[in-house]
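Residue numbering restarts at 1 for every chain, and letters A, B, ... go by the order of the sequence lines.
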Number of protein chains: 2
Amino acid sequence: MNAPEYTSLQKKKLREVIFGLEDDLQLARMAEIFQCFADPTRLKIINSLLISELCVYDLTVVLQMSQPAVSHHLKHLRQIRLVKTRRKGQSILYSLDDDHIRQLFDICRTHLDETDESDHSQYFPGRQP
Amino acid sequence: MNAPEYTSLQKKKLREVIFGLEDDLQLARMAEIFQCFADPTRLKIINSLLISELCVYDLTVVLQMSQPAVSHHLKHLRQIRLVKTRRKGQSILYSLDDDHIRQLFDICRTHLDETDESDHSQYFPGRQP
DNA sequence: ACATTTTATAAGCATTTGCTTATATGTAAA
DNA sequence: TTTACATATAAGCAAATGCTTATAAAATGT
């Protein structure tokens with residue numbers, strides 16, 4: 001009849017977890033940053049800019065996609081301030097703002113490489129394991 | 001009348017960029033990992049599991065959300081293999097699989113902290129600067 | 001065996017996302 | 001100024017996302 005109860009030890013653990021959490025605003029802002037990395041096209045843009053400063057048209061060539069699509073993704077990255085821009089003639093050159101982006105990219109790649117190494121039943125995107 | 005042309009130097013730069021890119025499958029898999037971090041609720045789950053191993057019901061308490069919602073997010077994290085599970089009685093305990101997750105989380109938080117430091121016109125999620 | 005607890009899954013839905021086409025803005029060259 | 005080029009923005013749409021309610025499955029207790 002009664003609701004399930006926690007022991008005092010379990011309650012303590014939960015209190016510690018709740019206390020240790022980042023606040024919701026910080027988590028929302030972090031999620032926004034990760035969202036920039038969470039789309040294959042945007043990730044390819046980031047990957048490209050990790051290699052070289054590029055203008056919008058360069059990116060359309062590299063990514064083989066339409067200019068408005070590229071611009072939209074760049075706008076997204078601009079709003080989260082992951083990229084900075086400078087004008088050069090008629091073009092606008094995009095580059096990455098700081099080294100954390102490279103670190104995030106590298107750690108993720110390393111993670112995949114290492115898990116592939118130890119676990120050969122690797123899954124593929126969009127499919128069930 | 002002619003299409004805009006690249007100089008050979010510019011062509012070289014683009015070839016280098018294209019050559020330096022991760023392949024599309026790798027980028028898609030990386031994007032899937034980042035997608036796990038790209039939702040505030042999932043990020044809060046990750047944040048919680050960084051602090052302690054927890055069962056599903058614990059997470060419903062910590063997150064203040066419904067059990068199916070939590071289970072759905074956990075399924076997502078399981079499919080990408082960011083979490084591992086073990087049974088303990090009726091409960092299933094979730095924990096994080098390796099240290100890269102902590103690194104990604106920490107770097108992102110550091111990035112936000114440092115950009116806030118140097119740039120006081122901080123934006124807020126879901127709003128225009 | 002039956003009821004309880006815990007977790008997983010399914011179906012439905014409103015919202016968001018990422019692209020498209022069309023158009024506007026801004027810069028440089030003729 | 002007029003023309004061309006480079007980028008940004010707007011409107012619209014199909015697909016994906018994250019939640020809800022309802023139900024199933026698995027383990028434990030009576």
* Asked: Is the closest side-chain donor-acceptor distance between B:Q67 and B:S71 under 3.5 Å?
  -> yes
* **Gap between atoms CG and C1', on A:L63 and C:dG18 respectively (whole Å)** => 14 Å
* Check the distance between C:dT17's C1' and A:I80's CD1 and give it to me in whole angstrom. => 14 Å
* Ignoring the backbone of B:S66, work out which of D:dT21, C:dT7, D:dG18 is nearest its side chain. => D:dT21
* Please state how far atom OH in B:Y57 lies from atom C1' in C:dT6, giving the value in whole angstrom units. => 10 Å
* Asked: Does some side-chain heavy atom of B:D58 sit less than 4.5 Å from a side-chain heavy atom of A:V17?
  -> no
* **Residue closer to the 5' end of DNA chain D, B:T41 versus A:D58 (nearest nucleotide)** => A:D58
* Asked: Please give, in whole Å, the distance from D:dG18 P to A:L27 CG?
  -> 15 Å
* Ignoring hydrogens and geometry, is there a side-chain-to-backbone donor-acceptor pair from B:R42 to B:C36 under 3.5 Å? -> yes
* Structure fact -> In whole angstroms, the gap separating C1' of D:dA8 from CZ of A:R78 amounts to 8 Å
* Nearest to the side chain of B:K75, which nucleotide is it out of D:dA8, C:dT9, D:dG18? -> C:dT9
* Verify the contact: side-chain N or O of A:Y94 to OP1 or OP2 of D:dA6, cut-off strictly under 4.0 Å; return yes or no. => no
* Structure fact -> Of all heavy-atom pairs linking A:D39 and B:A31, the shortest is C-CB, 4.0 Å
* Which whole-number value in Å describes the distance from B:I92 CD1 to C:dT5 P? -> 18 Å
* Asked: Between atom CG in B:L93 and atom C1' in C:dT7, what is the gap in whole Å?
  -> 12 Å
* Kindly state which residues belonging to residues 42-53 of chain B come within less than 4.0 angstrom of DNA chain D, counting heavy atoms of the residue only, listed by number. => B:R42
* **Side chain of A:S91 - closest among C:dA8, D:dA8, D:dA6** => D:dA6
* **Out of C:dT7, C:dG18, C:dA11, whichever nucleotide has its closest atom nearest the side chain of B:H72** => C:dA11
* To do: Check whether any side-chain heavy atom of A:H100 lies under 4.5 Å from a side-chain heavy atom of B:E114, and answer yes or no.
  => yes
* To do: Identify the heavy atoms of A:L50 and A:L96 that sit nearest to each other, and give their distance.
  => CD2-CD1, 3.3 Å
* Option passing side-chain hydrogen bond (donor to acceptor under 3.5 Å, both in side chains) with A:Y94 (candidates A:R78, A:K84, A:E53) -> A:R78
* To do: Determine, for B:E22 against A:K44, whether the closest basic-nitrogen to carboxylate-oxygen distance falls under 4.0 angstrom.
  => no
* Can you check each nucleotide of nucleotides 22-30 of chain D against protein heavy atoms at under 4.0 Å and return B for base, S for sugar-phosphate only, - for none, in 5' to 3' order? => B----SS--
* Structure fact -> Taking every heavy atom of A:G20 against every heavy atom of B:I51, the minimum-distance pair comes out as C-CD1, 3.5 Å
* Take atom CD of A:E32 and atom P of C:dT16, then tell me their distance rounded to the nearest Å. => 13 Å
